[in-house]
Amino acid sequence: MAVKLFDLGFMPWKDTQLVYHALAKLGIEALVVQRTRECYVSLGLFNTPQELDLEYMRSHGIPYFRREIGGGIVLLDSEQLFYHVIVHRDSAHTPVKTDSFYRKFLAPVIATYKELGLEARYKPANDLVVGERKISGNGAGLIGECKVLSGSILFDFNRELMARVLRLPNEVFRARAKELMEERLTTLREQLGSFSASEVKRILIENFESLFGSLEKAELTPEIEREMRRLEKKYLSPEWLNMPGRGVNGRELKIAEGCYLVFAPVGEVEIIAERREGELAWVRATINGARMSKLEESLTGESASYEKILNILRESLEYSPSVEEAARVIAGGN
Amino acid sequence: MELKAEQVLKVKEYEFPLDRLYYKGRNAHLWVKREGETALIGIDAFLAESAGYLNYLSITAEKLEKGEAFANVESAKFVSKLYSPVSGEILEINQEVIENPRLINESPYEAWIVRVKLASEDELKQEDLLSDREKLTAWIEEEIARLEEE
């Protein structure tokens, strides 16, 4: 049976999420392309609302959704084209290995960037980059009996707002997060200047057709609509939104694959470190607001290894269990 | 208790201690091991290796239904589900593994996920729970072939 194409134009914000969940629950293999005029935040399944500045979001009318698939927190708005691939987990065209799944279904997206003149490439786990700058983020997972890939093509991106909706440890952290997003993320507008959104969509669909064969144009049926409304009750319920996740995560913010900003307090000392490709590229250490230049110098440029960081922290700080915890946070499992 | 070499099946690089059963249904790749009046459930070496580093794990059910999802697990930004090999009641969740799911990658047969009270004695007598060397080898070889095709 042919994979269906749902070219849905602009949709209300929550429907942009509900539609691919509904199709997956109903076992309908499809490519969905769509946009929204509204701005909202989408959390990965293991994120929690505690990671968001809910007061700011409420006062600015920015809602949030907790999707059933993976990936991190994303800010979505009218300057993005969303794509969702829904395939049966047991279909012959569905890879078993996660890496193969991403490579296969991100290939049409890469081809789209290439046709637009950008040398995009896949960076595991699931980023698409131009040079070293992320141009598309993706999340995926199993919903019902279908594997789902969800991502977006960034026409433009509001980094200031992205840094604002997150609940972050302090303003130094927030400012650095924004700087890093400027440096590590890019968009079609920044790369191309001008482009046609409808042309981008046309190329994207064409490239997915090269992968799947001819896609069968489809519209939302009453059955799909019913499923969306049924799921809306679940996904917007306090039980779902507040389900336990990985916990409050003001301590590590992922900017792009290989680039993290971490916050590690040790008593009155606060360390903010940028971990980039396994090295500490930037460090800000303060005690009661005063810079600790010597500690910053010792850590900057060091490899993000737990043992090395622990040794440096032990030389500069009075030992306590929180020193070990700080070293673990800064090293990030290395 | 350390098993002797002949009590561990090796299929290519994957090891399968034969003191437990392996759930083939839904290609779940979970093991179940009787321990007194209860049973432990965990992830086998094939899944632990092919999924990559597990970042998050959460238990989503209080009661297990055979073949139904009871946990979410995330690796490489992909959320998968774990399908229960048996029906029963969850008695205990291994919090150490919930806090650090990478223990499963490091040591899949030590890092159990839940301890259960089986719904009945027949739970461990199902055909899709394998402990037979030949059947287990055939299944894992099939699974390896699927991966290699990709």
Side-chain angles (χ1 to χ4, degrees), chain A residues 21 24 43-48 66-74 89-90 92-106 122-127 137-151 239-240 243-247 249 252 254 257 328 332-334, chain B residues 13-14 24-30 43-44 46-62 67-84 93 95 97-106 139-150:
Chain A
H21 285 81
L43 304 175
L45 182 66
F46 284 93
N47 294 120
T48 63
R66 191 172 180 176
R67 57 187 188 271
E68 204 174 320
I69 59 175
I73 298 174
V74 286
R89 66 195 285 256
D90 296 325
H93 56 219
T94 307
V96 177
K97 262 175 104 169
T98 302
D99 180 64
S100 312
F101 175 82
Y102 284 132
R103 283 179 194 276
K104 179 168 185 172
F105 294 117
L106 286 174
Y122 171 70
K123 185 174 184 188
N126 61 6
D127 273 358
N138 296 273
L142 192 66
I143 302 177
E145 294 299 310
C146 288
K147 285 187 174 182
V148 174
L149 170 72
S150 176
E239 294 76 28
W240 175 264
M243 191 169 59
R246 64 185 182 189
N249 189 22
E252 179 174 292
K254 184 175 180 179
E257 285 300 338
R328 246 188 298 278
N334 292 306
Chain B
E13 68 266 39
Y14 307 108
K24 184 185 176 185
R26 310 201 67 169
N27 280 323
H29 286 284
L30 266 71
I43 288 175
D44 76 14
F46 178 85
L47 181 58
E49 171 66 27
S50 59
Y53 275 120
L54 305 180
N55 294 320
Y56 306 110
L57 171 67
S58 66
I59 306 300
T60 54
E62 286 171 12
E68 297 295 318
F70 72 97
N72 287 316
V73 59
E74 182 173 309
S75 62
K77 294 201 216 171
F78 191 102
V79 175
S80 304
K81 296 187 182 348
L82 300 182
Y83 299 104
S84 181
I93 295 169
Q95 288 303 334
V97 163
I98 298 290
E99 278 160 31
N100 182 13
R102 288 189 180 200
L103 292 173
I104 295 171
N105 298 106
E106 288 160 15
W139 175 44
I140 299 302
E141 280 179 348
E142 234 173 70
E143 292 288 271
I144 292 169
R146 276 173 79 200
L147 287 191
E148 284 173 351
E149 273 171 27
E150 292 173 1

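Chain letters run A, B, ... following the sequence lines, proteins first, then strands; residues in each count from 1.
Heavy atoms closer than 4.5 Å to chain B are found nowhere in A:D99, neither backbone nor side chain. The contact between A:L45 and chain B is made entirely by side chain atoms (from C-beta outward), counting heavy-atom distances below 4.5 Å. Residue B:I98: no heavy atom, backbone or side chain, is found under 4.5 Å from chain A. Both the backbone and the side chain of A:E68 come within less than 4.5 Å of a heavy atom of chain B.
Checking side-chain atoms of B:K81 against main-chain N and O of A:L142 turns up a donor-acceptor pair under 3.5 Å.
Looking at heavy atoms from C-beta onward, B:Y83 lies out of side-chain contact with B:L30 at the 4.5 angstrom threshold.
Partners of A:S150 by side chain to side chain donor-acceptor pair (under 3.5 Å), not counting sequence neighbours, listed by chain and number: A:H84.
Relative ring orientation between A:F46 and B:Y56 is described as parallel, the plane-to-plane angle staying below 30° on a 0-90° scale split at 30° and 60°. In this structure, B:H29 and B:W139 have parallel ring planes: the angle between them is below the 30° cut-off, well short of the 60° mark.
Of the residues considered (B:E143, B:E149, B:E99, B:R26), B:R26 shows the highest number of contacts with chain A, using heavy-atom pairs under 4.5 Å. When the candidates A:K104, A:R89, A:R103, A:E257 are compared by the number of heavy-atom contacts under 4.5 Å with chain B, A:R89 comes out ahead.
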